[in-house]
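Heads up, the thing below is written out as structure tokens.
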Amino acid sequence: MQETKIVEEHDIMQTFFEEEDYERARKYLARFEKLMTYYKCAMFEIETKFRVLSEAFSPQLDRNPINSIKSRLKTPESIQQKLKNGGYPITLDSIEQNLNDIAGVRVTCSFIDDVYTLADALLRQDDITLIERKDYIKNPKPNGYRSLHLIVIVPIFLPDEKQYVKVEIQLRTIAMDFWASLEHQLKYKKNFEYTQEMADELFTCAEMSAQLDERMDRLRSDVICEHEQDFDDGEQEAQEATDE
């Protein structure tokens, strides 16, 4: 176990300090690990908020609005590459200032309405601060990608301090998630040529996925309307029986 930790420390130091100044790197390692702890705690906080919302909405909807919740923390290598791509300094302060997606939470829902219902409920909470909102459901990306993206700041409470941490949240339907997962596998598969023909075919699949979501939403609405009509009919029959 100790040997593994030494290897991990070495990898982190290699990532952020390309020169052979490991003594200086070790001084930053503790800060880096503490910063990653902040992001982990923020992910846990957001996950918990969504689980509570799901439980709260379940009796009202007569179902669970959330199909799954997943979270991920960017690796040191991924963090370094994103800083380089953005032309930012490769420092710990730069991570906090310039990157919004170190901590990521993905919420998969059954229906499009659930996406907006959960997002709105989360943003109404007084300890959540919205930094950025990108609606790729109403305005899909050119490749067909659909999802609702939120960048929020959430407070975390540690034994001796309180920190405000940024978290990226992605909310999407099951169909959107299936398409995005497949597109990512194909596009970034090693030793594989991703052609324009494949991109066009994936775009067509994205359109079909969107149509599926729309049809499922219509079916859900029909079921709700029929259920409400049955309830109203039952109420009326009960009232008539009482009047007699």
Side-chain angles (χ1 to χ4, degrees), residues 35 38-57 60-61 64-74 78-79 82-83 85-88 94-156 162-181 183-184 187 203 206-207 209-214 216-217 220:
L35 181 60
Y38 292 161
Y39 284 116
K40 286 180 184 177
C41 292
M43 286 193 312
F44 298 156
E45 187 71 25
I46 293 296
E47 284 184 34
T48 299
K49 285 180 176 292
F50 276 116
R51 295 188 193 282
V52 170
L53 287 173
S54 183
E55 288 297 321
F57 278 117
Q60 175 186 335
L61 300 174
N64 193 328
I66 294 179
N67 181 263
S68 68
I69 302 176
K70 298 178 181 179
S71 60
R72 67 100 183 94
L73 195 68
K74 276 190 177 297
S78 180
I79 293 171
K82 188 150 191 178
L83 288 172
N85 292 343
Y88 302 120
S94 181
I95 293 173
E96 293 185 83
Q97 294 169 8
N98 299 309
L99 301 187
N100 295 331
D101 61 346
I102 302 299
V105 176
R106 180 178 299 152
V107 181
T108 305
C109 306
S110 298
F111 301 101
I112 295 175
D113 283 351
D114 295 337
V115 168
Y116 293 110
T117 297
L118 289 166
D120 292 343
L122 177 74
L123 296 177
R124 283 196 298 269
Q125 298 185 14
D126 57 15
D127 60 342
I128 292 290
T129 302
L130 177 65
I131 301 300
E132 183 177 85
R133 177 184 181 123
K134 292 184 178 180
D135 193 339
Y136 296 118
I137 297 176
K138 293 180 179 177
N139 301 289
K141 288 187 176 183
N143 67 344
Y145 174 86
R146 287 171 168 82
S147 190
L148 176 64
H149 287 203
L150 306 174
I151 304 294
V152 302
I153 293 179
V154 60
I156 59 170
K162 175 182 178 181
Q163 292 288 332
Y164 292 89
V165 185
K166 289 183 285 189
V167 179
E168 181 191 54
I169 304 169
Q170 298 177 358
L171 297 106
R172 57 179 63 157
T173 65
I174 298 171
M176 294 173 194
D177 188 59
F178 174 74
W179 181 91
S181 298
E183 192 266 353
H184 186 271
K187 194 170 183 179
F203 180 81
E207 293 294 300
S209 173
Q211 293 171 13
L212 175 62
D213 273 331
E214 292 173 1
M216 294 300 289
D217 269 348
R220 179 182 61 87

Which heavy atom of E45 sits nearest a heavy atom of P155, and at what distance?
CG-O, 4.1 Å
With rounding to the nearest 0.5 angstrom, report the CG to NZ distance, L73 to K40.
6.5 Å
For residues E96 and Y39, determine if any side-chain heavy atom of one lies less than 4.5 Å from a side-chain heavy atom of the other.
yes
So R172 and Y145, side chain to side chain contact (heavy atoms under 4.5 Å, CB included) or not? Walk me through it.
CA-CA 10 Å; R172 57 179 63 157; Y145 174 86; 2.7 Å; yes
Look up atom CG in L99 and atom CG in L83, then write down how far apart they are to the nearest 0.5 Å.
4.5 Å
Is any side-chain heavy atom of K74 closer than 4.5 Å to a side-chain heavy atom of D101?
yes
Is R146 paired with E207 through a side-chain N to carboxylate O contact shorter than 4.0 Å?
yes
Distance (rounded to the nearest 0.5 Å) between K70 NZ and R106 CZ
7.0 Å
Minimum side-chain heavy-atom gap P65-T117 below 4.5 Å
no
Are there more than 12 heavy atoms of other residues, nucleotides or ligands under 6.0 Å from atom NZ of K141?
yes
From OG (S54) to CG (N67), nearest 0.5 Å
10.0 Å
Nearest heavy-atom approach of A119 to L148 is CB-CD2, 3.7 Å
C109 and D114 have their tightest heavy-atom pair at CB-CB, 3.7 Å
Report yes if some heavy atom in the side chain of T108 is under 4.5 Å from a heavy atom in the side chain of T173; otherwise report no.
no
Are any side-chain N or O atoms of K166 and backbone N or O atoms of I151, one a donor and one an acceptor, separated by less than 3.5 Å?
no
Applying side chain to side chain contact (heavy atoms under 4.5 Å, CB included), run through I156 and F44 and close with a yes or a no.
CA-CA 9 Å; I156 59 170; F44 298 156; over 6 Å; no
V165 side chain near C41 side chain, heavy-atom distance below 4.5 Å:
no
K138 to Y116 six-membered ring, cation-pi geometry met (6.0 Å, 45°):
yes
Contacts under 3.5 angstrom, residues 120-131 side chains, donor-acceptor by atom type, not counting sequence neighbours:
unit_1 : atom_1 : unit_2 : atom_2 : d
Q125   : OE1    : K49    : NZ     : 2.7
D127   : OD1    : K49    : NZ     : 3.1
D127   : OD2    : K49    : NZ     : 3.0

Heavy-atom side-chain contact between M176 and I137 under 4.5 Å:
yes
Closest approach of M216 to F111 (non-hydrogen atoms, all atoms of both residues)
O-CE2, 3.6 Å
Do E168 and N100 have side chains that get closer than 4.5 Å, going by heavy atoms?
no
Quick one: CG on L118 to CD1 on I66, what's the gap to the nearest 0.5 Å?
5.0 Å
Identify which one of D135, D177, V107 satisfies the side chain to side chain contact (heavy atoms under 4.5 Å, CB included) criterion when paired with L171.
V107
Minimal heavy-atom distance between E47 and S71, with the atoms involved, is OE2-OG, 2.6 Å
Within-4.5 Å side-chain heavy-atom neighbours: W179 and L212:
no
To the nearest 0.5 Å, tell me how far E132 CD sits from L150 CG.
9.5 Å
